[in-house]
Amino acid sequence: MTSLAEIMQHLGQTSSQPLYQQLQRALREAIDKRLFGPEEALPAERQLANDLSISRITVRKAIDGLVDEGLLVRRAGSGNFINTRIEKNFAKLTSFSEDMRSRGRTPRSVWLKRSEGTVTPEEALRLRLSPGAPVYRFNRIRYADDMPMCLEYATIVADALPSLDAVDVSMYEALELAGNRPVRALQRLSALLLTGEQAALLQAKEGDAGLAVERLGFLRDGRAVEFCRSYFRGDMYDFVAELSTP
């Protein structure tokens, strides 16, 4: 198995980034390659510095950045661990696939339904469309590696995509390729208890805590293009937002 030192050596040959950023990339790649298990502590900062022949300041700066991103978590007296919970920045408009890849996870989907149709009255109101306007609907279970994380029910204005089959893993990547990726969104978060059907699909228990997120995405010209409802496992997801005074 490729070692962290070998990953660092390869990066050092090809990268002009500062050393701490190279170490961050190496740690992300090592996590992606499963060099560290989810319940296994990373080597101590002193050991990493000695093994990689870099300063402890560089190691600390790299790990601080990954802790801030939510990829690692510090446990007092125990060390640094891979964060098995997912922290989603509620203030950043990123896709599920982008969030998972940035944390060393592999995103995938199991499709529940893909269909063409016309807007419902609620969709017409949210998306500001005329009755009978065509839309695509994408219903799926979203996975991080082999763990089901959320149920996603998305409605996309039909002229924003070339076809129903344009969406593979990431809907936002498909929208971006079509020149219609949302640039801003209104999101609403609420707590709920998972129904029996939701729990079965998410490999949870009926009545477990969940999070419902409703998102309305807009293009740069102000047109609404996406209306999505997602239901997340409450034991795996945290939504965070940075607040500041006006």
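Just so it is clear, the model here is predicted, and its values are computed rather than measured.
Nearest heavy-atom pair across Val167 and Met171 is CG1-CA, 3.9 Å. Ser130 approaches Val119 most closely through the heavy-atom pair O-CG2, 3.6 Å. Closest heavy-atom contact between Tyr143 and Asp145: CB-O, 3.7 Å. What you find for Arg74 and Asp64 is that their closest heavy atoms are NH2-OD1, 2.6 Å. In terms of heavy atoms, Pro107 sits closest to Val169 at O-CG1, 3.9 Å.
Within the model, atoms CG of Leu151 and CG of Asn139 stand 9.5 Å from one another, a figure rounded to the nearest 0.5 Å. Expressed to the nearest 0.5 Å, how far CD of Gln198 lies from CG of Asp208 amounts to 11.0 Å.
Judged by the 6.0 Å and 45° rule, Arg75 forms a cation-pi pair with Phe81.
In summary, of the residues considered (Arg229, Lys113, Arg140), a salt bridge (Lys or Arg N to Asp or Glu O under 4.0 Å) with Glu152 occurs for Arg140 alone.
Under the rule for a ring pair (Phe, Tyr, Trp, His ring centres under 6.0 Å), the partners of Phe232 that lie at least two apart in sequence or sit in another chain are Tyr237, Phe239. Applying the side-chain hydrogen bond (donor to acceptor under 3.5 Å, both in side chains) criterion to Glu197, with sequence neighbours excluded, gives no partner residue. Scanning for side-chain hydrogen bond (donor to acceptor under 3.5 Å, both in side chains) contacts around Arg126 gives Glu214, with sequence neighbours left out.
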For this session: Take Ser97 and Arg142 through the side chain to side chain donor-acceptor pair (under 3.5 Å) test and state the conclusion after the steps.
Result: CA-CA 9 Å; Ser97 296; Arg142 308 303 307 271; 3.2 Å; yes
For this session: Assess whether side chain to side chain donor-acceptor pair (under 3.5 Å) is satisfied between Ser115 and Arg137, documenting all intermediate values.
Result: CA-CA 5 Å; Ser115 62; Arg137 295 189 179 89; 4.8 Å; no
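Linking ILVMFWY side-chain heavy atoms closer than 4.5 Å, directly or via other members, places Tyr231 and Met149 in two distinct hydrophobic clusters.
Side-chain polar atoms of Ser95 and Arg181 form no donor-acceptor pair below 3.5 angstrom.
Remark: Glu173 engages Arg101 in a salt bridge, criterion side-chain N to carboxylate O under 4.0 Å.
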